[in-house]
Amino acid sequence: MNSFARRLLAWFDAHGRHDLPWQHPRSAYRVWVSEIMLQQTRAETVIPYFQAFMARFPDVRALADAPVDEVLHLWSGLGYYARARNLHRAARLLLECHGGELPAERDALEALPGIGRSTAAAILAQAFGQPEAILDGNVRRVLARHAGIDGWPGSPAVQRRLWAVAEERVPGLRMADYTQAIMDLGATVCARSRPECHRCPVAGDCVARAEGRVADLPTPRPVRALPVRTRWAALLSVPEGVYLERRAASGIWGGLYSLPERDKAGELRDWILARWPGARQIEPPVDRIGHAFSHYRLDLRLLRFALPPAACGIMEGEQAIWYNSRLPTRVGLPAPIERLLIEHGDSDQWREP
DNA sequence: AAGACGGGGCC
DNA sequence: GGCCCAGTCTT
């Protein structure tokens, strides 16, 4: 075993995290779900979602048998909702093609939706003990610093070098522990800001440490300004609730339920009045929700409407619901929309006086 | 190769 | 308010 892995494992035995929920018990299914949740999301954020998910979907069959809306419901607030839809699709594929078990082969894993190179490797290493290298954000940071690799890790050339280093250092033994160890080191000691090099088991031969470049590695992504996108949304109230419709499966908030939206206020108003001729706009007319995505900033402006009492019954359909925060429907909601509905609570307050 | 895709935690 | 995270998929 190489010296890097040996020191890391000794550190892990003494200081690593041994109490994460997906470690007890460590089944392939639990490792898989945890790895998907952990994509782009911190462990502390994931833990409560993981617990709720396992309570509701204890195995592949429970997940496959559930309606996708319920999976999205338990994913609400976690973001990147394609992950949840892929997880659900993959569970159904596992039942069809792999007897409901996760395959222990890299190609078969990577063929499942939502599983790429790193996640496949994480499952193989942690659930099956195979000598596969992972390369997630934490590992990228540890290796870029320890090996002194310059350049933004998003670029293909830098990625290739990082993968090569990651593979060189795989120990072959204790793969579950090693995989957890290198992620833990990145999550705790070798953190993005204020790394604690004095506590690092591999600081002795860390290139960034030796060259005083710990704070400069890994190289940050090139800067670019975020565009602002303005959209108009309608808060349509009846005593029974607020009108929500299912969004398209792809794109922002895919598959979640949200307020009807248009690019222009006029388009939105015209659509509403055509559908509900008795709708009346409520003053003050405009409220707004600001929301930052990784690639643009959303300025969502709200128009409020009260509908005639009979409106509710007409519109019930599979793609639209009347949502009441006191009797929440089990569907996925975007985090800022859920906050709005909770803040305003009872829909009765939007009724006309 | 580049862009799309969420939300929260941290500074 | 900016940065970026336990990546993958689409184009």
Side-chain angles (χ1 to χ4, degrees), chain A residues 16-17 20-23 31-50 72 75-87 89-90 109-123 125-126 133-143 152-160 162-163 166 179-188 190-194 215 218-229 247-256 258 289-298 300 332-339:
Chain A
R17 292 186 289 190
L20 295 166
W22 40 92
Q23 295 173 317
V31 168
W32 171 43
V33 172
S34 72
E35 287 299 326
I36 300 300
M37 287 188 170
L38 287 163
Q39 289 169 4
Q40 309 297 76
T41 312
R42 289 175 172 75
E44 309 80 76
T45 306
V46 162
I47 287 171
Y49 286 89
F50 180 81
L72 287 167
W75 210 271
S76 289
L78 211 43
Y80 285 108
Y81 299 98
R83 295 185 294 173
R85 291 194 311 277
N86 285 337
L87 201 58
R89 263 208 300 151
L109 284 173
E110 287 190 31
L112 293 167
I115 300 183
R117 180 173 176 181
S118 189
T119 299
I123 293 168
Q126 301 206 67
I134 64 162
L135 190 63
D136 57 33
N138 282 330
V139 176
R140 262 197 296 278
R141 186 169 54 251
V142 169
L143 296 180
W152 176 49
S155 73
V158 176
Q159 285 234 42
R160 269 196 302 278
L162 287 167
W163 272 111
T179 302
Q180 189 64 52
I182 193 165
M183 289 191 292
D184 278 5
L185 190 75
T188 59
C190 195
R192 184 165 63 86
S193 58
R194 292 195 244 233
T219 309
R221 78 152 53 236
V223 291
R224 64 169 188 276
L226 282 188
V228 177
R229 178 147 189 220
R247 297 178 61 91
S250 62
I252 289 287
W253 298 334
L256 275 59
S258 188
I289 295 175
H291 194 68
F293 296 108
S294 47
H295 47 307
Y296 67 89
R297 190 176 306 281
L298 176 65
L300 191 63
L333 297 175
I337 300 299
E338 182 161 34
R339 270 196 298 273

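Reminder, nothing fancy here: chain letters follow the sequence lines and each chain counts from 1. For the numbers below, each heavy atom of this structure counts, side chains included, while hydrogens, waters and symmetry mates do not. Note that the structure is a prediction, hence the values are computed from the model and not measured.
One finds no side-chain N or O of A:Arg247 lying less than 4.0 angstrom from the OP1 or OP2 phosphate oxygen of B:dG6. Side-chain N/O atoms of A:His291 include one lying less than 4.0 angstrom from OP1 or OP2 on B:dG7. Residue A:Tyr296 has no polar side-chain atom (N or O) positioned under 4.0 Å from OP1 or OP2 of B:dA4. In terms of phosphate contacts, A:His295 brings a side-chain nitrogen or oxygen within less than 4.0 Å of OP1 or OP2 of B:dC5.
Within the 3.5 Å criterion, the main-chain N or O of A:Leu226 finds no donor-acceptor partner in the side chain of A:Arg297. Panel note: side chain A:Ser118, backbone A:Leu135; a donor-acceptor pair is recorded below 3.5 Å.
The nucleotide range of DNA chain C contacted by chain A, defined by atoms under 4.0 angstrom from heavy atoms of the protein and reported 5' to 3', is C:dG2 to C:dC9.
Per the geometry, CZ belonging to A:Phe293 stands 13 Å off C1' belonging to B:dG8, to the nearest Å.
Distance check on atom C1': C:dC3 versus B:dG6 gives 15 Å, rounded to whole Å.
Looking only at side-chain heavy atoms (C-beta outward), A:Trp22 and A:Val46 come within less than 4.5 Å of each other.
Residues forming a side chain to side chain donor-acceptor pair (under 3.5 Å) with A:Gln180 (at least two apart in sequence, or on another chain): A:Asp184.
Contact check of residues 38-46 of chain A against DNA chain B (heavy atom, cut-off under 4.0 Å) returns A:Gln40, A:Thr41, A:Arg42.
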